[in-house]
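Worth knowing before you read on, the calculation uses all heavy atoms, side chains too, and leaves out hydrogens, waters and symmetry mates.
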Amino acid sequence: FSTLTIILILERLKEIDEMSHLNKELFDFIMTNKSEITDAWLTQQSKDNPAYSLPQNNTYLRDENGALIEAISSVYIRDQFEYIEYINTRSAVVAEKRAKEKFPLYESIRSFRNVRIAYWAFVQKFIQQSTTPVTGKQVAEWSNLMNTAFDHIIENFAKYHHIYTANLL
């Protein structure tokens, strides 16, 4: 290897290490603010469907949304195969519950949209508060990872919801 090649490799390794460090910081920030993200989500959900504001639903909904936030956030720190397995399992469990509750698929998709909006607002908050400079490239990567994670969860959720609903008929 030439000296230039080695320097470029070392610079890329440093960049990857910095990105990994920022990914972990973002994950920690989101986990620390999971309750606030859920509050923002519940506020919007209650406007769309008053049943979300009923006290008897509060703990259940908070737990479910917290688990979803953790599942989405795991994309920043987990190995890809481990992450996909985790997401598939999580999607199947929640879809089965929703199908048994006869919860309409369109309501679940609206809920996912509202979580995505609240979640991204906290990613933006992290970017603004980060003491480590965040590059446009990093923001684009986070956006791509987050949106891909949401899309994967929604697709799998819809698939499993369909399967469980068909089995209940």
Report the distance from atom [atom1] of [X] to atom [atom2] of [Y], rounding to the nearest 0.5 Å.
{"X": "N114", "Y": "L42", "atom1": "CG", "atom2": "CG", "value": "10.0 Å"}
{"X": "M31", "Y": "D28", "atom1": "CE", "atom2": "CG", "value": "9.0 Å"}
{"X": "L105", "Y": "T165", "atom1": "CG", "atom2": "OG1", "value": "8.0 Å"}
{"X": "T59", "Y": "E64", "atom1": "OG1", "atom2": "CD", "value": "12.0 Å"}
{"X": "T38", "Y": "D63", "atom1": "OG1", "atom2": "CG", "value": "9.0 Å"}
{"X": "D39", "Y": "Q44", "atom1": "CG", "atom2": "CD", "value": "13.5 Å"}

Could you tell me whether a side-chain N or O of [X] sits under 3.5 Å from a main-chain N or O of [Y], the two making a donor and an acceptor?
{"X": "T135", "Y": "Q138", "result": "yes"}
{"X": "H161", "Y": "F103", "result": "yes"}
{"X": "S74", "Y": "A71", "result": "yes"}
{"X": "N147", "Y": "S143", "result": "yes"}
{"X": "W41", "Y": "S111", "result": "yes"}
{"X": "N144", "Y": "A140", "result": "no"}

Are [X] and [Y] connected, step by step, through hydrophobic side chains (Ile, Leu, Val, Met, Phe, Trp, Tyr) whose heavy atoms are closer than 4.5 Å?
{"X": "F157", "Y": "Y60", "answer": "yes"}
{"X": "I69", "Y": "I77", "answer": "yes"}
{"X": "F150", "Y": "L26", "answer": "yes"}
{"X": "F27", "Y": "V139", "answer": "yes"}
{"X": "V115", "Y": "I109", "answer": "yes"}

- Message: If you count heavy atoms of other groups shown closer than 6.0 angstrom to CD of E82, is the number above 12?
- Response: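 Counting other residues, nucleotides and ligands, CD of E82 exceeds 12 neighbours.
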- Quick check: are there more than 12 heavy atoms from other residues, nucleotides or ligands sitting under 6.0 Å from CD of E85?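 Count not over threshold, so no.
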- Query: Is there a side chain to side chain contact (heavy atoms under 4.5 Å, CB included) between Y119 and L68 once you walk through the steps?
  - Reply: CA-CA 10 Å; Y119 188 99; L68 175 61; over 6 Å; no
- Parallel, tilted or perpendicular for H152 and Y83, by the 30°/60° rule?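 H152 vs Y83 ring planes: tilted.
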- Query: Is the F29 ring parallel, tilted or perpendicular to the F126 ring (thresholds 30°, 60°)?
  - Reply: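 Tilted.
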Taking all non-hydrogen atoms of both residues into account, name the closest pair between [X] and [Y] and its distance.
{"X": "G66", "Y": "K34", "result": "O-CD, 3.3 Å"}
{"X": "L22", "Y": "P133", "result": "CD1-O, 3.9 Å"}
{"X": "A95", "Y": "Y160", "result": "CB-CB, 3.5 Å"}
{"X": "I37", "Y": "A118", "result": "O-CB, 3.9 Å"}
{"X": "R110", "Y": "Q45", "result": "O-OE1, 3.9 Å"}
{"X": "A99", "Y": "Y164", "result": "CB-CB, 3.6 Å"}

- Query: Checking side chain to side chain contact (heavy atoms under 4.5 Å, CB included) for the pair H21/E25: CA distance, chi angles, key distance, verdict?
  - Reply: CA-CA 6 Å; H21 177 71; E25 283 184 25; 2.5 Å; yes
- Task: Using a strict cut-off of less than 4.0 Å between a Lys/Arg side-chain nitrogen and an Asp/Glu carboxylate oxygen, indicate whether E96 and K100 qualify as a salt bridge.
- Result: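 Looking at E96 and K100, the cut-off is met.
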- Task: Output yes when R90 and E70 qualify as a salt bridge under the 4.0 Å nitrogen-oxygen rule, no when they do not.
- Result: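 Result for this pair is no, no salt bridge flagged.
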- Going through the checks in order, is the side chain to side chain contact (heavy atoms under 4.5 Å, CB included) test met by H162 and N167? CA-CA 9 Å; H162 175 75; N167 288 337; over 6 Å; no
- Would E141 and N23 satisfy side chain to side chain contact (heavy atoms under 4.5 Å, CB included), going step by step from the backbone distance to the final call? CA-CA 10 Å; E141 181 181 325; N23 285 357; 4.2 Å; yes
- Item | Side-chain heavy-atom pair V75, T148 within 4.5 angstrom cut-off |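 No - every pair of side-chain heavy atoms lies 4.5 Å or more apart.
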- Heavy-atom check, side chain of Y76 versus side chain of K24, under 4.5 Å: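 With C-beta onward as the side chain, the pair stays apart.
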- Should E107 and R98 be marked as a salt bridge (charged side-chain N to carboxylate O under 4.0 Å, His left out) after you check the CA-CA gap, both sets of side-chain angles, and the distance that decides it? CA-CA 10 Å; E107 289 277 350; R98 294 293 188 271; over 6 Å; no
